[in-house]
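Report on the following structure.
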Amino acid sequence: MRFTSSVFTAWLALGLACHCALLLRHAEAVTLSTASRWIVDEAGDRVKLACVNWPSHLEPMLAEGLSKRPVGSIAGDVAAMGFNCVRLTWPTFMVTNASYTSLTVAQSFQRLNLTEPLAGIRANNPALVDLRLIDAFKAVVSSLGENNLMVILDNHVSMPKWCCSNTDGNGFFGDAYFQPDVWVDGLTKMATTFAAVPNVVGMSLRNELRGPRQNANDWYKYMQRGAEAVHAANPRALVILSGLSYDNDLAFLSSRQVTLSFARKAAFEVHWYSFSNSQDWASSNPNEACARIGASVSRRALYLLDQGWPVFLSEFGVDNRGGNANDNRYYGCAAAVAADLDLDWALWTLQGSYYLREGVRDLDEVYGVLDRSWRNPRNATALRRVRALQRAFRGPGFAEAAPYVALFHPSTGLCVARRSSPVSPLELGSCEGAEAWAYDAQRQRLALRDSPLMCLRAEGAGRPVRVGMACATDEMARWRLVSDSKLHVAANASSGAGMLCLDVGADGRSVVTNTCRCLSADNSCDPESQWFKLVSSTRRVGARSMLAQPPLKLKDLKIRSL
Ligand SMILES: *[C@@H]1O[C@H](CO)[C@@H](O)[C@H](O)[C@H]1NC(C)=O
Ligand SMILES: *[C@@H]1O[C@H](CO)[C@@H](O)[C@H](O)[C@H]1NC(C)=O
Ligand SMILES: *[C@@H]1O[C@H](CO)[C@@H](O)[C@H](O)[C@H]1NC(C)=O
Ligand SMILES: *[C@@H]1O[C@H](CO)[C@@H](O)[C@H](O)[C@H]1NC(C)=O
């Protein structure tokens, strides 16, 4: 879907989701660089990457889904769902290996006997069928550009196939299909090909380095070479360097910096899934798991933020069917971290299905934002909660409001919302309409930023919290962040009946207190509804509060997001 001028004007008038200047510039070149840990535009203003992954690196080497819908419709939906960018994957051999470089889309599918998807491509994207693969790839990039979407080209594997294992020959420099010279040649070709394409803003050098050959010395040797090659061919692109051990590990950089001939154009990326820690989430107390695993992600990657590097969370995501306890506990914790640090990120993943993955045709992708038909969101609830992270909370040049604290509820992606009147009860609503708080940890006071004498008060178990006046003397208005995760916001019950924690009421929207749940030790209980993160924000406050909505169809989403 393209922005029609009337819809676009309505969107501007609403004043929502507006990085307007950036958006208007997208039709022209967007040039990103870095300013300490932030990614910024030419004016030095923050550009938050809110991307979704879209694979184009499996055997057919065509962006998934084009047998089911026209490329422009998919790109339009990506924009309508609020993403501003796509991490588009590609395999080295598509541009370096004579067995693949001359293939057309039709030949690539015929070679794999993918007759049905090829017929689908003919029906939905007839213009692509007889293009060479690289030209079809360009057409996808260009369609994303027409929808104001930035693109990060991600070198995902060498040989086109599903990624990854330690022994698939694509894991590290020197593996069977991973010759450094071929890789640098591929990066150079892609950087050159897309140097003049306005919406290609970055290139990530290699996805998930891994396997028995991996070592830090070779990492420096080759990643620096790859970075220089990309920069030489396309000085405009942001160069993104991934770590070892499936992009879970950048710890080695703490003792030895990367050496590059250029400045302000490099960032790092990290991946973080629940299964990065096996079943730790499901088999531990969630507060303890969140603290332990969060600290470990910090030690391995996010510490680089404090050293003045952007760290792009380029893969994270969950089974969108909602039945995976490991994923669900992880998501609340990871989303709290992503909001707190206001990370740049790319969700895994867009695709509802694959033409062919690991030998299976039309494989369903349960992590996908879209369902198998590529027409509707797989799970509107799961999509909504990631939408809370799409806009910047803070950063250079991003100050729609004076700094405040938003009470963010990661498991729903909602915030304690601005009340329509001083006496109306507190409810969860869109973070676009968050209530502005000021938290004083020493005095344990959670007050309205603009009315410091008015502060949050517990009223008892199961009862809605209120904003009241007697802040100084009132035990029930003293709040601490408790448990290892510090995600429980707790007050003492006046009856001496223990601690009460902020929670979501049975109606799914009111903000209440309940007895604090599984603060420690208990492995079987899920505290996520009591997880709130105090997020520093300069986002506009007082926008029309958009409260919890019923599940949406994509068609509605398009209108609502504008
Ligand atoms: C080209 O691709 C084939 C098939 O995937 C592979 O076996 C071969 O090693 C590749 N050649 C080079 C030079 O990368
Ligand atoms: C495609 O089908 C032909 C004929 O049935 C068969 O010989 C060939 O092995 C198949 N190729 C693949 C990649 O499945
Ligand atoms: C959608 O996701 C939510 C949140 O994880 C989950 O509770 C719900 O069961 C999911 N619904 C469907 C239909 O998959
Ligand atoms: C609750 O009371 C206990 C004991 O008086 C005290 O140690 C604790 O800090 C209080 N908790 C809160 C949240 O105020």
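Both counts, for ligands and for their atoms, begin at 1 and track the order of listing. Predicted model, so just to flag it, every value in this text is computed and none were measured.
- Using modelled atom types, one finds no donor on one side chain facing an acceptor on the other under 3.5 Å when comparing W183 with S158.
- At a heavy-atom cutoff of 4.0 Å, ligand 3 is contacted by no atom of R378, backbone or side chain.
- With hydrogens left out, the protein atom closest to atom 1 (C) of ligand 1 is N97 ND2, 1.4 Å, a heavy atom.
- Between D507 and R509 there is no salt bridge, since none of the side-chain N atoms of the basic residue sits less than 4.0 Å from a carboxylate O of the acidic one.
- Among all protein heavy atoms, the one lying closest to atom 12 (C) of ligand 2 is N113 ND2, 3.3 Å.
- For atom 7 (O) of ligand 3, the closest non-hydrogen atom on the protein side is G322 CA, 4.7 Å.
- Close contacts of ligand 3 with R321, meaning ligand atoms under 4.0 Å from a residue heavy atom, involve 9 (O), 10 (C), 14 (O).
- A donor-acceptor contact closer than 3.5 angstrom links the side chains of S274 and D327.
- Taking a cut-off of under 4.0 Å to the non-hydrogen atoms of N320, the atoms of ligand 3 that pass are 1 (C), 2 (O), 10 (C), 14 (O).
- Residue contact check: S99 has heavy atoms under 4.0 Å from atoms 1 (C), 2 (O) of ligand 1.
- Under 3.5 Å, the side chains of T115 and N113 contain no donor-acceptor pair of N or O atoms.
- Between R111 and ligand 2, no N or O atom pair is found at a separation short of 3.5 Å.
- Taking every heavy atom of Y100 and a limit of under 4.0 angstrom, the matching atoms of ligand 1 come to 2 (O), 4 (C), 5 (O).
- For atom 9 (O) of ligand 3, a protein non-hydrogen atom is found at a distance below 4.0 Å.
- For ligand 3, the polar-atom distance check finds no N/O of N328 at less than 3.5 Å from any of the ligand's N/O atoms.
- Between R225 and D181 there is a salt bridge, since a side-chain N of the basic residue sits under 4.0 Å from a carboxylate O of the acidic one.
- With a heavy-atom cut-off of 4.0 Å, V318 does not touch ligand 3 at all.
- Of the protein's non-hydrogen atoms, N379 ND2, 2.3 Å is the one closest to atom 2 (O) of ligand 3.
- In this model, no donor atom of one side chain and acceptor atom of the other lie less than 3.5 Å apart for N53 and T349.
- There is a side-chain donor-acceptor pair under 3.5 Å between N514 and D503.
- For atom 4 (C) of ligand 2, the nearest protein heavy atom lies 4.0 Å or farther away.
- The aromatic ring centroids of F316 and W345 lie less than 6.0 Å from each other.
- Checked by distance only, ligand 1 and Y177 stay at 3.5 Å or farther apart across all their nitrogen or oxygen atoms.
- Salt bridge annotation for D168-R210: present, with a cationic side-chain nitrogen under 4.0 angstrom from a carboxylate oxygen.
- Partner D342 forms a salt bridge (Lys or Arg N to Asp or Glu O under 4.0 Å) with one of K48, R391, K533 and no other, that one being K48.
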